[in-house]
Amino acid sequence: MRVDKLVSIIDSDFYTGVPDSQLKALCNYLMATYGIDAEHHVIAANEGNSVGIAAGYHLATGKVPVVYMQNSGEGNIINPVASLLNDKVYAIPVIFIIGWRGEPGIHDEPQHIYQGEVTVKLLQDMGIETFVIGSDTSDEEVQNVMDGFRDVLGKGRDVAFVIRKGALSDAPKVDYSNDNSMLREEIIKHIVKVSGEDPIISTTGKASRELFEIREANGQSHKYDFLTVGSMGHSSSIALGVASNKKDQRIWCIDGDGAALMHMGALAVIGAEKPDNLIHIVINNGAHETVGGMPTVAGKIDIVGIAKACGYPNVVSVNSYEELDDALLGAKNKKELSFIEVKCGIGARDDLGRPTTTAIENKRNFMEYLNTL
């Protein structure tokens, strides 16, 4: 289905959400049409955040907003859907557009398998009437469903279009770039060199994939790393849990700007706990690169200032490899909670692979290594 046709049928002038690779056609359409414009399009920190923004839009205008996201974000919307939007509470109508990763029968990465199995059921359990759009779904079918959805929305209830892989087409081309010169994979190589045999917890997406391939290229064991292949935004919390129970061992966290924004409260908890053996590195390219490159707000805020305000005692921002090496060595030699923001360009190798070990194997090897420390 052409993305512009779907947008025309839905006929809403406000979209908010978190980017998804299976919704790339929609994401690019919104960027090409609106860019980032508070009146028409807001990229949220997380999916629950987008529901709140959508609710505010409805309260101010009386019109129906659209929230887009990957199905992994359904967990983040359960509370605001149940306690804010629901017709037993405020009866706020929202149209959800959800990319279906891990659809049963379609090969996908392990973090998407269970989420894919329960995608439609979760929506039904939340009382959200749902229609699945595939590559063979006709415009007429979607129009007829939308006509019925309008009655549902008129009663203050919510609806969802679940988008199968390859269902949306004709994405406009959008260039996502910044002025930073450093590359994430090279940054991670520098981290691996300085961290030595210290454990690393790495964030969701390409960062963990690059870390895995760097270990392969170096002929190193993967036991040093916990690859957070799902649970976007939670790698720093995992690192805190590890660091708090391995107090004599230096622990490193490789985070991303989109992930750090998604659950920024983790910074406050870490800053309050102040584990002196934790080094928290945020590679900031100002983009949701793994799912297409749409911007985050990290290029417009002072992440270092936020970390300092949250209580991190040793805080620095770097934008060259020389500064990076100095910051990494300085943090390693301090017995103090450290935060390093690394300004990074957008882009990755076209032939970047994925981990060849299973998530369970990764967990077991990492735990066995931690038990030796």
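Only heavy atoms go into these numbers, but all of them, side chains included; no hydrogens, no water, no symmetry mates. Residue numbers start at 1 and run along the sequence shown.
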Linked, directly or transitively: Phe131 and Val162 (ILVMFWY side chains, under 4.5 Å): no
Shared hydrophobic cluster for Phe149 and Val66 (ILVMFWY, side-chain gaps under 4.5 Å): yes
Audit row: Arg215, Ile200, side-chain contact (heavy atoms from CB on, under 4.5 Å) steps and yes/no: CA-CA 12 Å; Arg215 296 294 192 192; Ile200 296 176; 3.6 Å; yes
Within 6.0 angstrom of Arg150 CZ, more than 12 heavy atoms from elsewhere: yes
Criterion side-chain hydrogen bond (donor to acceptor under 3.5 Å, both in side chains) on Asp147 and Gln143, from CA distance to verdict: CA-CA 6 Å; Asp147 290 342; Gln143 182 67 69; 3.1 Å; yes
Asp351, CG atom: more than 12 neighbouring heavy atoms under 6.0 Å: yes
Main-chain N/O of Asp4 paired to Ser8 side chain as donor or acceptor, under 3.5 Å: no
Single-linkage hydrophobic cluster, 4.5 Å side-chain cutoff, Val7 and Ile36 together: yes
Val194 and Leu329, any side-chain heavy atoms less than 4.5 Å apart: yes
Side-chain touch His112/Gln70, heavy atoms, less than 4.5 angstrom: yes
Ring geometry between Tyr224 and Tyr369 (parallel below 30°, tilted from 30 to 60°, perpendicular above 60°): perpendicular
Greater than 12 external heavy atoms within 6.0 Å of Lys24's NZ: no
Taking every non-hydrogen atom, the tightest pair across Asn46 and Val18: C-CG2, 3.6 Å
Nearest atoms (heavy-atom pairs only) where Glu361 meets Thr358: OE1-N, 2.9 Å
same_hphob_cluster(Ile95, Leu6) at 4.5 Å side-chain heavy-atom cutoff: yes
Over all atoms of both residues, closest heavy-atom pair of Glu341 and Ser317: OE1-OG, 2.7 Å
Pro172 backbone acceptor or donor facing Asn28 side chain under 3.5 Å: yes
More than 12 heavy atoms of other groups within 6.0 Å of Asp179 CG: no
Lys335 atom NZ: more than 12 heavy-atom contacts under 6.0 Å: yes
Close aromatic pair by centroid cut-off 6.0 Å: Tyr34 and His40: yes
Test item: Arg209 side-chain N/O and Arg354 main-chain N/O as donor-acceptor pair under 3.5 Å: no
Heavy-atom pair with the smallest gap, counting every atom of Cys27 and Tyr68: SG-CE1, 4.0 Å
Side-chain (Thr228) to main-chain (Ser202) donor-acceptor, under 3.5 angstrom: yes
Exam field: side chain Lys274 to backbone Gly271, donor-acceptor pair closer than 3.5 Å: yes
NZ/Lys246: more than 12 non-hydrogen atoms of other groups inside 6.0 Å: yes
Test item: Glu323 side-chain N/O and Asn319 main-chain N/O as donor-acceptor pair under 3.5 Å: yes
same_hphob_cluster(Tyr176, Tyr15) at 4.5 Å side-chain heavy-atom cutoff: yes
is_close_aromatic(Phe339, His280), centroid dist under 6.0 Å: yes
Polar side-chain atom of Thr137 near backbone of Gly134 as donor-acceptor pair, under 3.5 Å: yes
Asp20 side-chain N/O to Ile98 backbone N/O, donor-acceptor pair under 3.5 Å: no
Worked verdict on Asp13 versus Tyr57 for side-chain contact (heavy atoms from CB on, under 4.5 Å): CA-CA 10 Å; Asp13 67 356; Tyr57 167 85; 2.4 Å; yes
Over all atoms of both residues, closest heavy-atom pair of Pro295 and His288: O-CD2, 3.8 Å
Donor-acceptor pair, side chain of Asp37 and main chain of Glu39, under 3.5 angstrom: yes
Over 12 non-hydrogen atoms of neighbours within 6.0 angstrom of NZ in Lys5: no
Asp158 side-chain N/O to Ile128 backbone N/O, donor-acceptor pair under 3.5 Å: no
Chi angles and distances behind the side-chain contact (heavy atoms from CB on, under 4.5 Å) call for Met232, Thr203: CA-CA 7 Å; Met232 182 173 171; Thr203 191; 5.6 Å; no
Candidate list Glu210, Glu186, Glu213, test salt bridge (Lys or Arg N to Asp or Glu O under 4.0 Å), partner Arg349, passing option: Glu213
Shortest non-hydrogen contact from Ala54 toward Val67: CB-CG2, 3.7 Å
